[in-house]
Amino acid sequence: MTKVVKVRQVPDEESPSTSELSSKLLTWYELHRRDFPWRSASSCYEKIIAELLLQRTQAVTISNFYYTFLQEFPSWESLSVAKESRLRELLKPIGLWRQRARMLLSLSRALSEMEFRLPSTREALERLPGISQYMASAILLLCHGRKEPLLDVNMARILERVYGPRKLADIRYDPLLQKTARSAVNVDDPVGVNWAVMDLAATTCLQNTPKCLECPLSEMCQFAQRLESSAEERRT
DNA sequence: AAAGCGGGGCT
DNA sequence: AGCCCAGCTTT
């Protein structure tokens with residue numbers, strides 16, 4: 001039984017299901033996952049700090065910095081009474097230090113006024129300083145066990161390559177990205193799918209030079225299929 | 001919708 | 001030398 005040769009992605013062809021996408025991601029993840037300290041973090045504080053530090057910054061950079069930060073500021077309470085000048089100094093090596101120092105202080109102080117009880121609804125979370133859609137989803141996913149997507153530039157890139165480009169510049173308001181992202185993590189292991197996306201995007205589905213030949217999604221990926229068919233044309 | 005933040009790694 | 005990185009706030 002030979003495999004049917006796919007000719008070319010037809011525009012109105014049925015898009016691959018997100019359950020197929022999630023299943024391929026989870027299978028790949030078992031073998032290729034990266035290990036980072038925050039993935040085995042015990043407390044919500046540690047998980048949230050990791051997500052905050054990771055914004056616009058490569059994961060490897062933060063993995064080297066993570067314990068240094070936690071050692072000096074092991075809790076929301078210790079952070080809320082920190083000196084801003086000290087925070088700036090500590091954050092210098094990873095960049096965005098003015099903004100991060102200000103945000104970490106205002107967030108920890110806002111939580112302090114709530115007696116450090118973390119809100120459990122998106123609406124309440126997004127009222128906190130420094131918490132917008134992505135961070136609210138991260139907290140709901142990692143601290144409250146909800147099936148939320150970490151829809152960042154990485155997940156957006158993978159979803160766009162599989163399902164086609166977004167309509168809106170802002171990830172947070174693009175209907176197709178939002179819909180497919182939410183659907184993809186509606187599985188038994190939403191955290192696994194999210195981390196699989198992060199790892200695949202960082203190691204394989206790269207921004208500039210994606211390694212489609214070793215990607216588990218290439219068969220369902222418009223981008224990879226386009227590459228393949230244009231390579232085919234050059235050969236003939 | 002676009003600019004600004006920012007040091008470090010990669011090309 | 002230039003581009004990108006687990007976003008958010010401000011303009």
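Below, read A as the first sequence line, B as the second, and so on, with proteins coming before strands; counting in each chain starts at 1. The analysis underlying the following values was restricted to heavy atoms, covering all of them including side chains, and did not include hydrogens, waters or symmetry mates.
Donor-acceptor pairing under 3.5 Å is recorded for the side chains of A/Gln133 and A/Gln178. Side-chain contact check for A/Arg172 and A/Ser132: at least one donor-acceptor pair (N or O, by modelled atom type) lies under 3.5 Å. Remark: the A/Arg34 side chain and the A/Ser63 side chain contain no N/O donor-acceptor pair separated by less than 3.5 Å. Residues A/Ser80 and A/Ser112 bring no donor and acceptor atom of their side chains to less than 3.5 Å of each other.
Distance check, rounded to the nearest 0.5 Å: CD of A/Glu46 to CH2 of A/Trp38 gives 12.5 Å. To the nearest 0.5 Å, atom OG of residue A/Ser78 and atom OH of residue A/Tyr45 are 5.0 Å apart. Rounded to the nearest 0.5 Å, atoms OH (A/Tyr29) and CE (A/Met198) are 10.5 Å apart. Note: A/Gln99 CD to A/Leu91 CG = 11.0 Å, rounded to the nearest 0.5 Å.
In the displayed structure, A/Arg39 atom CZ is contacted under 6.0 Å by more than 12 heavy atoms of other residues, nucleotides or ligands.
The stretch residues 179-211 of chain A has no heavy atom under 4.0 angstrom from DNA chain B at all. Within residues 21-35 of chain A, no residue approaches DNA chain B, by heavy-atom distance under 4.0 Å.
Here A/Met103 lies out of heavy-atom contact (under 4.0 Å) with every strand. If you check every strand for non-hydrogen atoms under 4.0 Å, A/Arg157 touches sugar and phosphate atoms only. Contact annotation for A/Leu52: no contact, since no heavy-atom pair falls under 4.0 Å across all strands. Residue contacts for A/Val60: at a heavy-atom cut-off of 4.0 Å it reaches no nucleic acid atom on any strand shown.
Pairing each heavy atom of A/Ser137 with each of A/Leu150, the nearest pair is C-CD2, 4.4 Å.
Mapping A/Phe36 and A/Gly130 onto DNA chain C by nearest heavy atom places A/Phe36 closer to the 5' end of the strand. Comparing A/Leu128 and A/Glu51 along DNA chain C, the residue whose closest nucleotide (by nearest heavy atom) sits nearer the 5' end is A/Glu51.
Between A/Ser108 and A/Phe116, the closest side-chain pair of non-hydrogen atoms is not below 4.5 Å.
When the P atom is compared between C/dT11 and B/dG6, the two are found 15 Å apart, to the nearest whole Å. B/dA1 and C/dA6 have their P atoms separated by 24 Å, with the value rounded to a whole Å.
Put simply, CD1 on A/Ile171 is 15 Å from C1' on B/dA1, counting in whole angstrom units.
By the salt bridge (charged side-chain N to carboxylate O under 4.0 Å, His left out) test, A/Glu20 pairs with A/Lys24, sequence neighbours left out. Here A/Asp188 pairs with nothing under the side-chain contact (heavy atoms from CB on, under 4.5 Å) rule; sequence neighbours left out.
At distances below 3.5 Å, at least one donor-acceptor pair connects side-chain atoms of A/Gln225 with backbone N or O atoms of A/Ser218.
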Footprint string (nucleotides 3-11 of chain B, 5' to 3'): B base within contact, S backbone only, - free, heavy atoms under 4.0 Å: -BBBSB---

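First and last contacting nucleotides of DNA chain C toward chain A (any atom under 4.0 angstrom from a heavy atom, 5' to 3' order): C/dC4 to C/dT9.
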